[in-house]
Amino acid sequence: MKHLKKLLLAAVFTIGLAGVANAQKNAHIDTVKLLENMPETKAMQIELDKLKKTYSDDIEGMIKKHQAKIAKYDAEGKSQTQEENQKRVIEIQQERQKIAQAEQQATQELSKKFQEKRVPIIKKAQEAIKAVAAEKGFIYVFDSAPGSGLIVFEKGEDIYESVKAKLGF
């Protein structure tokens, strides 16, 4: 019986040590908050806002010229031949298409520019998160951003401030 108790105690002790050895240190960070507060993101937003304004101003100018041409053609419509009025209708339609194409192209360019600028920012944030996790011995870091869909261990350490310090802001 004594031998069985010792064997059982040794087994429990061994299982307990294995559990401690396999204990995982977890942390969490709100990546949306981190990315929003990075200086690079703020600089990117300023640049994109300027580009958006440029596109908007150009398109607004096209629209004003288009409206002025419509007003002119409406005023002259009665004094023109039917053939000339048909040419003008086609011209107006073509201008509308050019404006729509310009709007679509502006949207695509802004989206492309956003993606080009965003990738290095995300990479920098990921590298900083990995560095902080390695420094602090974390095995898993979970994203605690609202809607991220990842499990968050609320008792885990929030490493936002450490990553922020690592990035220097």
Side-chain angles (χ1 to χ4, degrees), residues 22-77 85 87-169:
N22 288 329
Q24 297 172 347
K25 196 170 176 189
N26 301 306
H28 61 90
I29 184 167
D30 184 337
T31 56
V32 171
K33 179 179 170 184
L34 178 69
L35 290 169
E36 285 175 353
N37 288 304
M38 288 177 67
E40 294 88 347
T41 302
K42 292 176 181 180
M44 175 192 69
Q45 192 59 52
I46 290 169
E47 184 179 335
L48 289 175
D49 287 345
K50 286 179 184 177
L51 185 59
K52 184 178 180 180
K53 174 122 175 66
T54 300
Y55 285 138
S56 181
D57 290 348
D58 290 347
I59 291 169
E60 191 65 34
M62 291 172 71
I63 291 170
K64 285 181 181 178
K65 286 180 184 177
H66 180 70
Q67 289 170 340
K69 188 177 279 189
I70 290 172
K72 177 184 174 195
Y73 287 175
D74 280 346
E76 296 174 352
N85 284 335
K87 286 180 186 178
R88 289 179 171 190
V89 166
I90 292 170
E91 183 182 346
I92 295 294
Q93 290 172 344
Q94 288 173 343
E95 282 187 11
R96 283 185 183 145
Q97 288 175 347
K98 285 181 185 178
I99 292 169
Q101 288 172 347
E103 289 172 336
Q104 185 178 14
Q105 185 177 0
T107 301
Q108 289 172 348
E109 287 294 321
L110 283 168
S111 179
K112 181 180 173 186
K113 192 72 151 176
F114 174 79
Q115 292 303 324
E116 287 173 0
K117 296 286 186 179
R118 186 78 167 174
V119 169
I121 295 170
I122 291 171
K123 186 176 178 183
K124 183 176 181 179
Q126 287 173 333
E127 290 171 0
I129 290 168
K130 287 178 185 176
V132 168
E135 288 170 8
K136 294 189 174 237
F138 295 121
I139 296 172
Y140 293 105
V141 177
F142 295 92
D143 189 351
S144 62
S148 68
L150 296 177
I151 298 171
V152 177
F153 290 82
E154 292 180 17
K155 293 182 182 176
E157 184 176 342
D158 184 355
I159 62 170
Y160 173 78
E161 292 299 327
S162 299
V163 173
K164 184 175 153 185
K166 183 70 145 183
L167 291 170
F169 72 94

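Model, not experiment: these values are computed from the prediction.
- To the nearest 0.5 Å, the span separating CD on E91 from NE2 on H66 amounts to 10.0 Å.
- Closest heavy-atom contact between F169 and N37: CE1-O, 2.8 Å.
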Practice task
Show the numbers, then the answer: is there a side-chain contact (heavy atoms from CB on, under 4.5 Å) between N85 and V89?
Solution key: CA-CA 6 Å; N85 284 335; V89 166; 5.5 Å; no
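- Between V141 and K136, every side-chain heavy-atom pair lies at or beyond the 4.5 Å cut-off.
- Within a 6.0 Å radius of CD in Q105, other residues, nucleotides and ligands contribute 12 heavy atoms or fewer.
- Minimum heavy-atom separation, V132 to K166: CG2-CB, 4.1 Å.
- Each of L167, L34, D143 was compared with I129 under the side chain to side chain contact (heavy atoms under 4.5 Å, CB included) criterion, and only L34 meets it.
- Sequence neighbours left out, the pairs with a member in residues 106-118 that pass side-chain hydrogen bond (donor to acceptor under 3.5 Å, both in side chains) are E47-K117.
- The line from NZ of K124 to CE of M38 is 5.5 Å long, rounded to the nearest 0.5 Å.
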Exercise for the section: Any chance you could lay out the side-chain contact (heavy atoms from CB on, under 4.5 Å) test for E36 and T41, step after step, and finish with the verdict? Expected result: CA-CA 6 Å; E36 285 175 353; T41 302; 5.5 Å; no
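- The nearest pair of heavy atoms linking N26 to F142 is OD1-CE1, 3.8 Å.
- To the nearest 0.5 Å, the span separating CD1 on I121 from NZ on K42 amounts to 12.0 Å.
- Looking at L48 and K52, their side chains never come closer than 4.5 Å, going by heavy atoms from C-beta outward.
- Across Y160 and D30, no two heavy atoms sit closer than the pair CD1-O, 4.4 Å.
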Problem - Test log, rule side-chain contact (heavy atoms from CB on, under 4.5 Å), inputs Q94 and I90 - result: CA-CA 6 Å; Q94 288 173 343; I90 292 170; 3.8 Å; yes
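- I29 CD1 to E161 CD: the interatomic distance, rounded to the nearest 0.5 Å, is 9.5 Å.
- A salt bridge does not link K53 with D49: every distance from a Lys NZ or Arg NE/NH1/NH2 to an Asp or Glu carboxylate oxygen is 4.0 Å or more.
- K69 NZ to D74 CG: the interatomic distance, rounded to the nearest 0.5 Å, is 13.0 Å.
- In this structure, CG in L35 is found 10.0 Å from CD in E40, a value given to the nearest 0.5 Å.
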